[in-house]
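Report on one structure; see the data block that follows.
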Amino acid sequence: MLYQIILSGLTVGAIYALIAIGFTIVFSTVRIVNFAHGEFVMAGGMIYAYLSAVHGMPVFPAVAIAIGACVVLALLVYELGLASMDKDNHIAQVMITLGVGITLKGLAQIFIGKDTQFPPAFSAGGPLAVGGATIPYQMLWIVGALAVLMLGLYMLLHHTRVGKGMMAVSINHYAATLMGISPRRSAVIAFMLAGLIGGAAGTLLAPVASAHYDNGIFLGIKGFAAAILGGLGSPLGAVVGGLILGLTESVTAGYISSVYKDAVSLVLLLAILLIRPQGLIGKRLPQKF
Amino acid sequence: MGHEPVLSLQKVCAYYGNLCAVRDVSLEINPGETVCIIGPNGAGKTTLLKSVSRVIPKVEGAIRYRGASTAGVAPQALVAHGLIHVPEGRQIFPSMTVEENIEIGAFAVPGGVRKDKTDAAMDMFPKLRERRRQLAGTLSGGEQQMLAMARALMGQPHLLMLDEPSMGLAPKVVSEIYRQVDLLRGRGVTILLVEQNARIALRNSDRTVVMASGEIRHQGKSADLLAGGLIASLVFGK
Ligand SMILES: Nc1ncnc2c1ncn2[C@@H]1O[C@H](COP(=O)(O)OP(=O)(O)OP(=O)(O)O)[C@@H](O)[C@H]1O
Ligand SMILES: [Mg+2]
């Protein structure tokens, strides 16, 4: 029982972590909280489900196309909605991302449909039995994807020119500009990464928890909570926050009642923010331009 | 190298919203020259440098860098062509190490970070070499200014703009910084310097421009101004 609870907590937590990373990358590079981010995750799952159910596409092409579509979607959201916007007009940015989110949800409803769908798991075959617990293969895919994507992100940020530029932009936008780094290019890359990782989270989650046009808000809120819990702006914080949130929910649901799982995680979130307003891993916010 | 000025400004005005912070400034800087701008707080010195590096949106008038107009040019493109701006207040990257800060200075340079250039930058300020693995945010004010300069040199400046490099530093550190400025002048780097300390400014430049309330009030050879004692009356009131 305990094993099972921990395993499912980690799986859900890994999904939250993947969603949280998208919030964090965009926030630290562009200083925008992208309220449409949950819809990227929804879109990943929905497009994957659509391609495999309606077109009978095999798993990996369908997943790749779904993720690619989310990358393009994120790019468009930035280029068309946010790029030319006054970067100090935070209210307008919030309104735009909210509006984009509602639009994406509507588009998914119209073009893909209102049915709840369960696209196939990434690999066939029954669950593994380990000790007293059973582990569906999809769980391994989810946790594995988190590990691979985190490693890739780490390499990008610390060992490539583009990544170092993004780090510089996130620390001090003005100084980065004076070093010849383009904040706008960094923003584009941040949004594309958010689309990629968010879309991946959507495809990974859909086989175990369904794809539905209305899932985006819920997923966005969970991912945002995880990002804040870990410290908005820190990718490692996003992972820690996601896993803690997932575990808290599953322990609460397993030992108390699933009715309370959201309440307990909210209390946890508030408690941690009272003690450490910058989140668990977060540093003080980088200085503003 | 032609005879055209490295930088030429004609009737440049800069605005923050409706506030005009720089008004009708015309100025030329020739190759190898060091020009210093002095003036009281709020005179528009920093705004003028920001106009040249194109980091503020509302700039009117003609600015030409190495013969070409910079209207509509992105700041990154100017940096890539050697127009390097060391901003007021240093603006180092506190959560990166000293070495990472220096390396990021070469971001826009074709070919990227070169070991010999990093070494040369750290040779200028040996303190930085000792602290290369330390987080830049933990450096003292003087060391941060040195880091900001070392980082700027990585960009291989053709025109170097320094905004108040002596701000808040002890005299000993100030002279260390200006020793390096001297070396750069010796190497033929064109420099546009902003200073509040008139004495330092006059001693370390060929020409001095006095600004107040966004306008140029006076300009002349630094040596003449130093001899004439004109500055005090201009800058610190009638
Ligand atoms: N970001 C900004 N928004 C609005 N007004 C600004 C901004 N930056 C500067 N100003 C105003 O523009 C004027 C010129 O400022 P600037 O920073 O260029 O002066 P300065 O000569 O560099 O002064 P200091 O010696 O104190 O650095 C001031 O009146 C200032 O209040
Ligand atoms: Mg200034």
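Order of the sequence lines sets the chain letters (A, B, ...), proteins ahead of strands, with each chain counted from 1. On a predicted model such as this, the values are computed, not experimentally measured, just so you know.
- The environment of CE in A:M85 is crowded: more than 12 heavy-atom neighbours from other residues, nucleotides or ligands sit within 6.0 Å.
- The distance from atom CG of A:L178 to atom CD of B:Q76, rounded to the nearest 0.5 Å, is 10.0 Å.
- The two atoms that bring A:G180 and B:A108 nearest to each other are CA-CB, 4.2 Å, heavy atoms only.
- When all heavy atoms are compared, the tightest approach of B:R151 to A:M179 is NE-CE, 3.4 Å.
- Surrounding CD1 of A:I91 are at most 12 heavy atoms belonging to other residues, nucleotides or ligands under 6.0 Å away.
- Every residue two or more places apart in sequence or in another chain was checked for a side-chain hydrogen bond (donor to acceptor under 3.5 Å, both in side chains) with A:T29, and none qualifies.
- Contact of the A:I171 side chain with the B:P94 side chain is registered, since non-hydrogen atoms from C-beta on lie closer than 4.5 Å.
- B:E88 CD to A:Y174 OH: the interatomic distance, rounded to the nearest 0.5 Å, is 8.0 Å.
- Around CZ of A:R185, the count of heavy atoms belonging to other residues, nucleotides or ligands within 6.0 Å does not exceed 12.
- Closest of all the heavy-atom pairs between B:F93 and A:A168 is CE2-O, 3.4 Å.
- Surrounding CD of B:Q134 are more than 12 heavy atoms belonging to other residues, nucleotides or ligands, all under 6.0 Å away.
- Using a 4.5 Å cut-off between heavy atoms, B:E103 touches chain A through its side chain atoms alone.
- When the side chain to side chain contact (heavy atoms under 4.5 Å, CB included) test is applied to A:A83, the partners found at least two apart in sequence or on another chain are A:Y78, A:E79, A:R184.
- The two residues A:T177 and B:V79 have their closest heavy-atom pair at O-CG2, 4.1 Å.
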